[in-house]
Amino acid sequence: MSYWLMKSEPDEFSIDDLARAPGKSTPWFGVRNYQARNYMRDAMRVGDGVLFYHSSCAVPGIAGIAKVASAAHPDETQFDRKSPYFDPKSSRDSPRWELVDVKLVKKTRLLSLEELRGHPDISDMVVLRRGNRLSITPVTPGEWKFVTELLARDAR
DNA sequence: GCCAACGTTGGC
DNA sequence: GCCAACGTTGGC
């Protein structure tokens, strides 16, 4: 079992959108970065833990807990000419972009980026590193434990 | 809107 | 394969 942090812009797809989605599950569409794709295609397994992160918004941070809910499969938006994620260089025969489905476990309070930076225990998190732009980053078991226990404590 | 950081593209 | 130019991300 592995752990991940996945960024989404809430204006496009928020934790509430995930909660409203059929089965509280969604294909993680729109990733157009090879490293992030490779994590989904090659490294993720059904049941892996996901920290759902809101980026490019007023208060960026972790907004909920989710889990990987499918094996990798092609991102349909790459074939859709009307989609902003359309990729003319991809084809049905050899799809360039793959994704996994992500299912909500629970919405949490917003654990802001600012607050994350204030905890020395998780100061090495990839998402906190200077210049980090990757939309999917690995989370260590220790980081996962710290963050989920922090959120569980606050939920009581 | 700014801009640091970094990924991608394409000429050579 | 190098690397300059360009595009994107994302916090601020």
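Below, chain A is the first sequence line, B the second, and so on; all start at residue 1.
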Between [X] ([atom1]) and [N] ([atom2]), how many Å, whole number?
| X | N | atom1 | atom2 | result |
| --- | --- | --- | --- | --- |
| A:W97 | B:dG7 | CH2 | P | 13 Å |
| A:L134 | C:dG10 | CG | P | 8 Å |
| A:L116 | C:dG10 | CG | P | 15 Å |
| A:R37 | B:dG7 | CZ | P | 15 Å |
| A:N33 | B:dT9 | CG | P | 11 Å |
| A:Y85 | C:dT9 | OH | C1' | 12 Å |
| A:E114 | C:dC12 | CD | P | 8 Å |
| A:R32 | B:dT8 | CZ | P | 13 Å |

Between A:D17 and A:R20, does any side-chain N to carboxylate O distance fall below 4.0 Å?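 Salt bridge present between A:D17 and A:R20.
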Please determine if A:R32 and A:D75 form a salt bridge, counting it only when a charged side-chain N lies under 4.0 Å from a carboxylate O. yes
With the side chain of [X] defined as its heavy atoms from C-beta on, choose the nearest nucleotide among [options].
| X | options | answer |
| --- | --- | --- |
| A:R133 | C:dG11, C:dG10, B:dG7 | B:dG7 |
| A:R117 | B:dT8, C:dG10, C:dC12 | C:dC12 |
| A:K89 | C:dG11, B:dT9, B:dT8 | B:dT9 |

How long is the straight-line distance from CG of A:L18 back to OG of A:S25, given to the nearest 0.5 Å?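 So the OG of A:S25 and the CG of A:L18 are separated by 7.0 Å.
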NE2 of A:H54 to OG of A:S8: how many Å apart, nearest 0.5 Å?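 Between A:H54 NE2 and A:S8 OG, I get 6.5 Å after rounding to 0.5 Å.
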Does C:dT9 have its OP1 or OP2 closer than 4.0 Å to a side-chain nitrogen or oxygen of A:Y53?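 No, A:Y53 has no side-chain N/O under 4.0 Å of OP1/OP2 on C:dT9.
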State whether A:K7 places a side-chain N or O below 4.0 Å from either non-bridging phosphate oxygen (OP1 or OP2) of C:dT9.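 Indeed not, no polar side-chain atom of A:K7 lies that close.
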